[in-house]
Amino acid sequence: MVWWYIYVEQTVIYLFVALSAFFVVICAAIIAPLHRMYVAWIAYLLGFLVAVYFLSQTSAIDEFMSAIFAGLLGVFSVAKLLGSPVLPNKSFQPTCWITARG
């Protein structure tokens with residue numbers, strides 16, 4: 001085995017843990033068009049609780065930190081890029097056209 005294999009392996013693990021946390025938050029926010037920020041924060045907090053559970057079962061502090069920071073980056077990305085919710089189209093609401101004749 002080459003000397004750099006362990007470093008590359010750990011880097012790949014951290015990268016994919018971070019990508020997973022980031023995309024969980026992003027995908028949850030995309031699915032909820034009216035409450036994107038609430039859903040992003042809920043997804044982040046649930047992911048945080050799962051990460052704390054896994055940290056309590058293992059000693060993977062580096063993976064924990066990678067997931068926490070990437071999930072938080074996902075929340076901030078939702079706030080920056082997708083922050084304004086998509087409002088429903090109100091063009092199909094009935095309108096009353098009453099004209100007054102004098």
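All of these numbers come straight from a predicted model, not from anything done at the bench.
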Item to check | By side-chain contact (heavy atoms from CB on, under 4.5 Å) - contacts of Ile31 (at least two apart) | outcome: none
Which donor-acceptor pairs under 3.5 Å do side chains of residues 17-30 form with protein atoms, sequence neighbours excluded?
none

Checklist entry - When clusters are formed by joining ILVMFWY residues with side-chain heavy atoms under 4.5 Å apart, either directly or through shared neighbours, do Val75 and Leu49 land in the same one? => result no
Checklist entry - Does Ile42 have any side-chain contact (heavy atoms from CB on, under 4.5 Å) partners at least two apart in sequence or in another chain, and if so, which? => result Leu46
Next on the checklist: Would Glu63 and Leu55 count as a side chain to side chain contact (heavy atoms under 4.5 Å, CB included) here? Give the steps.
Outcome noted: CA-CA 9 Å; Glu63 289 86 350; Leu55 182 64; over 6 Å; no
Checklist entry - Mind checking who shares a hydrophobic cluster with Val50, ILVMFWY linked at side-chain heavy-atom distances under 4.5 Å? => result Tyr53, Phe54
Can you give the donor-acceptor pairs under 3.5 Å from side chains of residues 4-16 to other protein atoms, not counting sequence neighbours?
from, atom 1, to, atom 2, distance (Å)
Gln10, OE1, Tyr14, OH, 3.1
Thr11, OG1, Tyr7, O, 2.7
Tyr14, OH, Asp62, OD2, 3.1

Next on the checklist: Hydrophobic clustering (ILVMFWY, side-chain heavy atoms < 4.5 Å, transitive) - are Tyr38 and Phe48 grouped together?
Outcome noted: no
Item to check | Pairing residues for Ala32 by the side-chain contact (heavy atoms from CB on, under 4.5 Å) criterion, not counting sequence neighbours | outcome: Val39
Next on the checklist: Tell me the closest heavy-atom pair linking Val78 and Met37, and the distance in Å.
Outcome noted: CG1-SD, 3.7 Å
Item to check | Criterion side chain to side chain contact (heavy atoms under 4.5 Å, CB included) on Phe64 and Thr58, from CA distance to verdict | outcome: CA-CA 10 Å; Phe64 172 78; Thr58 63; over 6 Å; no
